[in-house]
Structures are given as C-alpha cells and as structure tokens.
Amino acid sequence: MLDYKKIIAEELAKITNVDINELESYIEIPPNTDLGDYAFPCFRLAKELKKAPPMIANEIKEQFPENEYIEKIDVVGGYLNIYVNKLPYVSDILKSVSDNRENYGKMTIGNGKTIVIDYSAPNIAKPFHIGHLRSTVIGGALYKMYKFLGYNVVGVNHLGDWGMGICRTIAGYKMWKDEYDFSVRPIDSILAIYVRYNKIEKEDPDFKKHAVEALKLLEEGDEETTKIWKWIIDVSLADYKKIYDLIGCEFDSYNGEAFYNDKMDRVVRELEEKNLLVESEGAKVVVMDEDIPPCIIITSAGTTIYATRDLAALLYRIDNYNFDKCLYLVASEQSLHFKQVFETLSKMGYEKYASACEHIPFGLVLDEDGQKMGSRKGNAVTLEEIFNESIEKSLQIIEEKNPTLENKEEVAKLVGVGAIIFNDLANNRIKDEIFDWKQILNFAGETGPYMQYTYVRTQSILRNAGYTPKFAEIDCTKLMDAEAINVIKAIGNFDDVLVSATQKNEPSLLSRYLIDLAQSFSRFYNEHHILTEDKAVQDARLLLTDAVGIVIKEGLALLGIKCPSQM
RNA sequence: GCAUCCGUAGCUCAGUCGGAUAGAGCGCUCCCCUCCUAAGGGAGAGGCCGGAGGUUCGAUUCCUCUCGGGUGCACCA
C-alpha cells in the first residue's frame, strides 16, 4: 500500500538534510480538505535553518521535484499544503480489497505473539446482569480486533464458580429442590433459589451456616455436593452461552476460580522462598513500594484471597500461554487491586510478565437517575432481559414507523442487539455510562440502530430495484464488529455498487449508505479508549480508517457525488 | 486525609505523541413531502476547551497549583 507520508518525507529529506523519520513525524493532516491532504509545518525547522517559516516553505516548494504521486503544493503562512494524486492510491486499495475480500485490512503485526484477554467473568448462580455487560462487550471487541491483527488470542472467562455465592445456591437447592421444576428452564429455578436464600439470610444472619456448611463439603470433595456444584455450573454456562452468541464473543478457556484451588500453594510457597511475605495484623501480606495498602495473600483467618487467586492464575498463564500481553477487562473500582497484584508478580521475579499485564478499567452502568443499574426494583437487571427488551422495543418502533417491512423480527433482533453493543462501545470507556433507552434506541444519528437499519434498508431497496446486492449477508450474531465487516464487504463490491448507483441514478442513497458505513467503521476502530497503550494497534487502526475513508470519499468524488459530511 | 480517574456546545462524545478559524451526533430554531422508506434533505443558533500560573514562536493538548465530580483506601470477590 502506498504511504504518502513516507513519499513526502523522502523528498523533504533530500531538500532539507533533516532526518527522514523526524520529517515524517512532523507531517500532519490538515483540519479540512481545502488545505490539502497532508501538511508540513515549517515552524519546527525555523530554528535549525535560522529562517522565517514562510520563507522555508517557499524554498521547499521551489525545490520540490515532480512526483507522480503529488499533484500540487501550496504555501499558506508557515505551512506547506500538499495535495496528493489519489487515483493510484484508490485503485491500489480497491485492488487489494477485491483480492482479499473480508480479509482486507488483516495485519501481521501480532504474528508470533500471544495475548490473553480476561473478560466477562460472571458469577455462577447469580444472574448474568448488567454489571457484566461492559466487560463482555469491550473484551469481545478487543478479542476480535487482536485476532484481526494477527495475534494468537486466548479469551479467558474467569468464572466466579467458587465461594459463598454459589454455595448459597447449593445449600438452597439441597433444602428446597422438590419445590422447583428444573425440567424446562432450570436456570430460572436456580436463580429463584439463590434469591430466596439471600432474602432469608438478610433477615436471619444465622441462616448463613447452611452455605458455610456447603462450602466446607465442597472443599472436602463431598460427592453429592460436588455433583450439584458441577450441575449448576453447566446449567448457568448454557444460559450465558445464549448471551455470548447474541453478542458474538468467544472464549478459549473457562478456567474459573475453582480451577486455581490447587494452585494457590505455589503462590504462597514462591512468596515465602523469596522472603516477600510479611506478617501484618495477623495476615500475611506483600508490602508495596509506594505508599499504598499491601497486597494481602493470606487473611488473618488463614484463608487465601482474591489476590492470591489472581496470582495463581497469572503463574498458570505464564506457564501455559507464555503471553506477550495479558489484559484484564474489569471495572475501574478495582484499579488498586490490580496495581497490587502486578507489583507482587514483579517482585516475585516475573518483571517481564508483570509489565505485560494491563488492567483495562471501565465505568459503571447507571440508570437514568444516575443510580447503579439494578439497585432499584422494576429495572430490567439480567442481560437477557435487557436484550429482550431492546429487541422488543425495536420491534415496536418498526411496527409503528414502517409496518410493511419484511422480516421485521429479524431486523428487530439485529437492531436491538446492535443498539446495546454500539451504545456501550460508543461511550467513553472510563466514564460511567447512563443506560438510557431513548438514547440507545434512537433511530437517528451516530447510533447503533441507525447504522444497522440503514444497512437493512439499503439492501431491500436495491433488491426492489432489481439489483442483487453482493454485499455478503450480515451475520446477525457477530454484531460486535458488524460495522467493520460491513464496510469491508461493501467495499469488496465497490465497483458493482458504483456501477449500479450510476445506472439506477440513486447516488444520494448510495452515498449516504457508504458514508454511514465509513463513519461507523471509523468509529469502531477509533474506539481508542480501549487501545491507548498499544502503539502498534493504534497505527494499524489509523491506517485502516484512513484507507477506507479515502477510498469511499474518492470513489464518490469519481461519481460526482458530493460528500455531505466530513469523514 | 491519601491515591487514582474525569472536567471541551443544553446532552453524549471526537480532537491524530503542541500547530492554521476547536469538530460530530442528539436536542433546539427555520425551510423542503408529485420523485429514491420524512427512519430523509438543507440552513442556523449554541464554546474565555473548569480556573490560575509556567514551558514554547505557538497550549484544549505538556508541567505545577487550584476548584468541582466519580471511584478506591487490607483480610468480599
């Protein structure tokens, strides 16, 4: 692929005798297209060359040789505005796109590297609720993106499958199993038992003993208890799987908390060998360098804890995956915890791995009143309820605004699920997100429903007009990156689209459609909140966005279609 | 109190490792339905980029301080 910055920098280097990489880093993209495609600010060279910036600009312009890729150069103030000849670039990309199809844009920067992404991690036997939405959606998006960039990605669902939570359900099941029907939707009965147990325990703290007993039995390996435990996990996972399919995310490992039960000793042993464990207030802790609370490894009651388990998981991942990067998609509330864990890992002698670990925090999901979702009664709390409600509401809107649409149900599912995912990704990651149905299901502007609907609508119009759209059919279950795939696929048939548009004289519709797609693509890859740390990934996404934007813009220009908004 | 994150249009957010008049979408105001689904198109109002210093030719961007908000601060995960 042509790299205009490099081409320009090469010429500039010949003229100015300044380092080519330095020059390339100075080149920027002007705020609007009237000022050219690339700009070179001469202010930076003013000091070295001891000349006024506009003078330098003029001198460079005069000495700039003819170049097949550069159309013209203007001098505005201290800026050198460069207009490139885009046709070679566009045809270069179009060819590459049509050769590679849905693989267009795939990168190799991750080849030979392994990244572990720890995301979703619901607590078994508790409802899969709104609190897990962000981890699942953002983690799922990262999973796909890293895969696209050539990484060996290991998606880990660190299930909360151990401890008091699940034992409350086990205890309740033992007591009341005859009162429930587990034949139709066992998960509903399991959840009902969990809720019932908690309600009683809240009023009668003494009731906790049943769960404690269950945990004891489970730890001792009691056959019956273990059997119930396994069954609850299976049933819960089957239920979660539905949500994962809907969102379109996948996992390579479901090793949860229980998996590390027999791997905690090693953590304690290694820490003791390295003289890192210190006795403090009855607990065994690792002292931190900075003035922050120590990392607790063994509680004063003698039990292991969250941090111990995360360290066990890290050691396991080091041994088995030898990762180059390990991401944790966990709410920002836990920043301190991860700081402590990573520092402890580093002190244990795994500095290389510790620095490869990254906590990717995100804000809470709040309801319209700014309260934590689900804290008030009457709110939909489980993810299944939320998605169903979204699909239902979408269907209502379609029913009301466009009752004649074919396959309403299918479109409603597409729109409803996409709306939730888009809303989540579009929100600033670190900030709390307001879960506002009006905003989520808005059918105008930069919203999920608009993108999805435009796509469906365009297809049906083209079909009615006698044109069989060659855009590959969208996979409803993979909405996570539907936007990106849409663009890639649409461009894969760019020639056809343009020909059709000209013949049918439907340029405005097509242009809107393509621009919508370009925007959503760019939006998707610009979800930079996710990827600020990784320079290589940033570069890759910029390159992709740039390329797609230019192709579409130039393609439209060739057709004489005005581009209504900037891309 | 300490730590950390966040303050850009009424709302939700962009702003390319400091650069040319700070950009979108929603909402709002006005105009446009014989014609591509009005789920549309066009035009417009709306900003001392929380505040004060500093570095720089140049700061929304970097540094210091300050004000306002979120979160965390050991034996729950």
Side-chain angles (χ1 to χ4, degrees), chain A residues 25-32 35 39 41-44 46-47 52-53 76-79 81 121 123 158 160 162-165 257 280-285 288 290-310 330-337 339-340 361 363-364 366 370 397-398 400-402 404-405 415 423 426-428 430-434 436 438-439 442-447 449-450 453-454 456-458 460-462 464-465 501 504-510 512 519 522-523 526 528-529 532 535 538-539 541-542 545-546 564-567:
Chain A
S25 73
Y26 291 167
I27 297 172
E28 56 192 64
I29 294 166
N32 68 62
L35 296 167
C42 300
F43 310 96
R44 298 163 194 268
K47 231 174 212 171
V76 179
Y79 282 93
N81 289 338
N123 292 318
H158 191 87
W162 196 257
M164 286 299 287
E257 292 173 3
S280 169
E281 294 175 34
K284 289 184 181 174
V285 305
M288 299 288 103
E290 290 172 63
D291 190 20
I292 56 174
C295 186
I296 298 179
I297 303 296
I298 301 282
T299 68
S300 52
T303 62
T304 57
I305 192 175
Y306 188 25
T308 324
R309 208 172 289 270
D310 267 344
V330 182
S332 58
E333 302 161 326
Q334 297 191 35
S335 297
L336 179 61
H337 163 74
K339 205 172 174 189
Q340 293 168 331
L364 303 166
L366 306 176
I397 295 170
I398 293 166
E400 180 190 319
K401 308 234 175 180
N402 188 18
T404 57
L405 181 80
V415 171
N423 182 260
N427 222 294
N428 189 317
I430 205 70
K431 289 188 198 167
D432 290 345
E433 165 186 329
I434 308 282
D436 178 2
K438 284 199 292 289
Q439 179 72 26
N442 196 334
F443 271 66
E446 282 182 353
T447 61
Y450 184 68
Y453 196 80
T454 309
V456 174
R457 196 184 56 187
T458 310
S460 98
I461 290 166
L462 289 176
N464 292 342
K504 307 274 182 217
N505 197 23
E506 287 178 335
S508 63
L509 181 74
L510 255 303
R512 261 232 69 76
Q519 281 176 340
S522 135
R523 185 75 189 226
N526 271 322
H528 75 284
H529 313 297
T532 42
K535 187 78 170 65
Q538 273 185 50
D539 289 348
R541 120 184 109 67
L542 282 177
T545 312
D546 264 12
S565 57
Q566 283 190 349
M567 285 190 284

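The sequence lines fix the lettering, A, B, ..., with proteins before strands; numbering per chain opens at 1. Only this structure's heavy atoms are used, side chains among them; waters, hydrogens and symmetry mates stay out.
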Could you tell me how far apart Phe43(A) (CZ) and rA20(B) (P) are, to the nearest whole angstrom? 9 Å
Write down the distance between CD1 (Ile430(A)) and P (rU4(B)), rounded to a whole number of angstrom. 14 Å
When the P atoms of rA45(B) and rG10(B) are compared, how many Å lie between them, rounded to an integer? 15 Å
Starting at atom CD1 of Ile434(A), determine the distance to atom C1' of rC13(B), rounded to an integer number of angstrom. 13 Å
Closer to the 5' end of RNA chain B via nearest nucleotide, is it Ser335(A) or Thr303(A)? Ser335(A)
Rounded off to whole Å, could you give me the CG-to-C1' distance for the Leu336(A) and rC75(B) pair? 14 Å
Rounded distance in Å - CD (Glu28(A)) to C1' (rG15(B)): 13 Å
Could you please name the partner base of rU29(B), counting Watson-Crick and G-U wobble pairs only when both distances are under 3.5 Å? rA43(B)
Without decimals, in angstroms, what is the distance between Leu35(A) CG and rA20(B) C1'? 7 Å
Distance check, C1' atoms only: rC76(B) and rA59(B), in whole angstrom units. 46 Å
Considering only the P atoms, how many Å lie between rU71(B) and rA9(B), rounded to the nearest integer? 22 Å
For Gln340(A) and rA77(B), give me the distance from atom CD to atom C1', rounded to whole Å. 14 Å
Check the chi torsion on rC11(B) and let me know: syn if it falls within 90° of 0, anti if not. anti
Taking atom C1' in both rC48(B) and rA22(B), what distance in whole Å separates the two? 13 Å
Expressed in angstrom and rounded to an integer, what is the separation of Asp291(A) atom CG from rC2(B) atom P? 11 Å
With rounding to the closest Å, how many angstrom separate the C1' atoms on rG47(B) and rG42(B)? 24 Å
Write down the distance separating the P atoms in rC6(B) and rU61(B), rounded off to the nearest Å. 14 Å
At less than 3.5 Å, do the side-chain atoms of Asn81(A) and the base atoms of rA20(B) form a donor-acceptor pair? yes
